[in-house]
Amino acid sequence: MGEVVLSMKHITKRFNNVVALDDVNLELYSSEVLCLLGENGAGKSTLLKILSAAYKRDGGIIEIDGKEVHFKTTRQAIESGIAVIYQELNEIPDLTVAENIYLERQPVRGPLKRIDWQRMVKDAEALFSEIGIDIDPRRRMKELSVAEKQMTEIAKAVAQNIRILVTDEPTSALSEAEVNKLFGVIDRIKRMGGAIIFISHRLDEVMRISDRIMVLRDGKNVGVVKKEETSEEEIVTMMVGRKLVEMFPRRRHEVGNMLLEAEKLTAKGIQDISFQLHKGEILGVFGLMGSGIQKLGTVLFGKDKWIRGHLRLNGKPVNYSSPCEAIAQGVAFVPSERKIDGIIACMSVKENIVLASMTQSKPRFLLNHSCDRMIAEKWKERLRIKTPDIRNAICNLSGGNQQKTVISRWLEMNPEVLILAEPTRGIDVGAKAEIYELMEEYARSGGSVILITSEMREILEMSDRILVLHDGEMNGVLVRSEADEEKLLLLAMGGTLL
Ligand SMILES: Nc1ncnc2c1ncn2[C@@H]1O[C@H](COP(=O)(O)OP(=O)(O)OP(=O)(O)O)[C@@H](O)[C@H]1O
Ligand SMILES: [Mg+2]
């Protein structure tokens with residue numbers, strides 16, 4: 001660890017009546033990875049947005065190399081060597097990777113100052129090999145996966161002589177292999193003397209990548225610890241302010257009769273998927289990125305059409321052509337991309353929660369506003385959705401709290417089949433445990449769950465059976481008693497069990 005490159009002192013920030021940050025201090029050294037941890041709504045993203053000048057602070061000072069700075073625009077922050085990589089990237093889709101990296105600073109040649117395309121590509125290649133990225137700079141941004149886009153953004157930051165790299169939940173949409181690559185790149189930047197701030201809700205990753213860990217709770221500093229001197233348990237206790245006894249609930253549900261049957265379901269991206277789902281069963285669906293597991297979810301919910309095969313619900317063939325029809329037949333879906341599919345950003349938390357139950361067959365006049373209120377308040381308390389008022393717009397909630405709102409919407413509908421895609425992505429440990437408990441309860445009351453997730457521990461602990469997909473096709477079904485990480489990965493990578 002080198003010297004202090006950044007200090008944020010006594011930072012405060014309010015949004016109307018919400019105190020998002022209350023006298024927060026942060027110190028960052030060169031050649032270190034500092035992980036920022038805290039429950040959903042603790043103030044992590046807000047702190048970083050203040051650093052990058054995306055938000056104005058109400059109080060406090062920021063120093064770089066011991067000198068106070070006042071950024072008015074994000075551009076100024078970048079010029080001082082700070083790059084913030086958000087989860088939602090704003091690349092220009094039709095540019096090539098190289099163009100995106102050297103945007104506004106293209107190398108030129110000749111008296112006419114023509115852009116030197118060849119050099120740009122060469123420079124990009126040299127940069128990529130320096131930090132260990134394997135992407136062809138001639139590809140267009142829109143062709144890249146989320147992981148590749150992130151890598152490109154990071155490369156861009158390095159090309160701009162960035163000294164402080166800030167990443168807000170960069171790994172939540174990445175596969176295991178991609179996370180490893182990202183960590184490789186972060187490690188190189190660190191060895192080149194850069195300083196990194198890293199936010200994640202995945203504790204295993206935090207324990208791997210961090211040098212120090214800083215915890216925020218309710219907008220206040222809780223403490224900073226060195227990685228070698230702490231444990232996951234201690235960090236969790238710091239985060240939630242209490243000891244978390246059990247992450248996963250005791251299994252009490254029983255699997256009943258068959259409810260849903262898929263036979264050779266085929267759509268763009270998946271082929272011949274056949275399975276049965278029983279009442280009170282939690283069926284896991286596992287696969288690596290690109291395996292088709294997300295596609296299976298959207299097909300089962302009527303968002304994408306299947307071109308061949310059959311689906312039967314309660315013994316009757318179903319052929320819904322839209323999510324509305326799926327909902328009417330008791331099928332609910334919590335999407336993995338909540339920003340795109342999940343929330344109605346301008347509506348209140350309350351409206352977002354009661355939305356799905358409103359579209360059910362219940363006559364609308366039976367539901368009055370006080371009833372909506374009660375429902376929304378119930379979920380707010382249950383999942384600890386952090387908002388001063390359920391009438392607030394959902395877009396003002398922290399990422400994790402938006403996710404909790406979407407989940408409560410579907411649980412409130414009480415569907416027959418609940419499809420959950422990456423339900424705990426971006427969710428803090430305390431609320432995770434709560435969501436697992438809700439899943440267990442829901443199954444115990446006879447509900448059926450399809451759990452689509454790339455989190456291995458989650459799927460192993462929660463599922464009765466696990467369907468493994470590889471390259472759009474089924475590559476095995478594991479029952480709970482015989483499933484383990486090794487077998488899951490082997491099947492997901494296309495291997496066969498002996
Ligand atoms: N633009 C905004 N308007 C109003 N309130 C906001 C706004 N941005 C953040 N907040 C509030 O500030 C608090 C901190 O939010 P922040 O997004 O920093 O949390 P976080 O620690 O990043 O959480 P998560 O883990 O869920 O991403 C929350 O209570 C949130 O509702
Ligand atoms: Mg956040």
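Bear in mind that the values here come from a model prediction, so they are computed numbers and not experimental data. First listed ligand is number 1; within each ligand, the first listed atom is number 1.
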Checklist entry - Looking only at protein heavy atoms, which one is nearest to atom 16 (P) of ligand 1, and how far off is it? => result Thr46 OG1, 3.5 Å

Item to check | Candidates Lys67, Arg57, Lys9, Glu68 - the one meeting side-chain contact (heavy atoms from CB on, under 4.5 Å) with Ile62 | outcome: Arg57

Next on the checklist: Show the atoms of ligand 1 that are less than 4.0 angstrom away from any heavy atom in Asn40.
Outcome noted: 23 (O), 24 (P), 25 (O), 26 (O)

Item to check | Stacked cation flag Lys13 on Tyr55, 6.0 angstrom / 45 deg | outcome: yes

Checklist outcome for this item: If we number the atoms of ligand 1 from 1 as shown, the ones under 4.0 Å from a heavy atom of Tyr55 are 1 (N), 8 (N)

Item to check | Pair Arg163 + Asp65, salt bridge at N-O below 4.0 Å | outcome: yes

Checklist entry - Going by the order shown, which atoms of ligand 1 are within less than 4.0 Å of some heavy atom of Ala20? => result 12 (O), 13 (C)

Checklist entry - ligand 1 and Gly41, any nitrogen or oxygen pair closer than 3.5 angstrom? => result yes

Item to check | Sub-4.0 Å atoms of ligand 1 with respect to non-hydrogen atoms of Glu169 | outcome: 27 (O)

Checklist entry - Is there a nitrogen or oxygen of His201 sitting under 3.5 Å from a nitrogen or oxygen of ligand 1? => result yes

Next on the checklist: Checking the N or O distance criterion of under 3.5 Å, is ligand 1 in contact with Gly400?
Outcome noted: yes

Item to check | 4.5 Å side-chain heavy-atom contact, Trp379 and Ile390 | outcome: no

Checklist entry - What class does the angle between the rings of Phe183 and Phe198 fall in, given that below 30° is parallel, 30 to 60° is tilted and above 60° is perpendicular? => result perpendicular

Checklist entry - With a 3.5 Å cut-off and no angle check, do the side chains of Glu27 and Ser7 form a donor-acceptor pair? => result no

Checklist entry - Is ligand 1 less than 4.0 angstrom away from at least one heavy atom of Lys49? => result no

Next on the checklist: I need the nearest protein heavy-atom contact for atom 22 (O) of ligand 1: residue, atom name and distance, please.
Outcome noted: Ser45 OG, 2.8 Å

Next on the checklist: Does ligand 1 come near enough to Gly43 that some N or O of the ligand is less than 3.5 Å from an N or O of the residue?
Outcome noted: yes

Checklist entry - Salt bridge check: are Lys149 and Glu153 linked by an N-O gap of less than 4.0 Å? => result no

Checklist entry - Does a side-chain N-to-carboxylate-O contact under 4.0 Å join Arg373 and Glu351? => result no

Item to check | Heavy atom of the protein closest to atom 30 (C) of ligand 1 (residue, atom name, distance) | outcome: Asn396 O, 3.5 Å

Checklist entry - Any chance the side chains of Glu234 and Thr230 put a donor and an acceptor closer than 3.5 Å? => result yes

Checklist outcome for this item: Out of Lys44, Lys386, Gln403, Arg217, the nearest non-hydrogen contact to atom 21 (O) of ligand 1 is supplied by Lys44

Checklist entry - What are the two closest non-hydrogen atoms of Ile293 and Val285, and how far apart are they? => result CG2-CG1, 3.5 Å

Next on the checklist: Less than 4.0 angstrom from a charged side-chain N to a carboxylate O is my criterion; do Arg457 and Glu485 meet it?
Outcome noted: no

Next on the checklist: Starting from atom 29 (O) of ligand 1, what is the nearest protein heavy atom, named by residue and atom, and what distance separates them?
Outcome noted: Val18 CG1, 3.8 Å

Item to check | Heteroatom proximity flag, Phe15 to ligand 1, N/O under 3.5 Å | outcome: no

Checklist entry - Of the choices Ser398, Ala431, Gly426, Gly38, which has the non-hydrogen atom that lies closest to atom 17 (O) of ligand 1? => result Ser398

Checklist entry - Got a sec: is Thr46 within less than 2.8 Å of the Mg ion (ligand 2) via an N/O/S atom? => result no

Checklist outcome for this item: Short version for Leu397: what comes under 4.0 Å of ligand 1, heavy atoms counted, is backbone

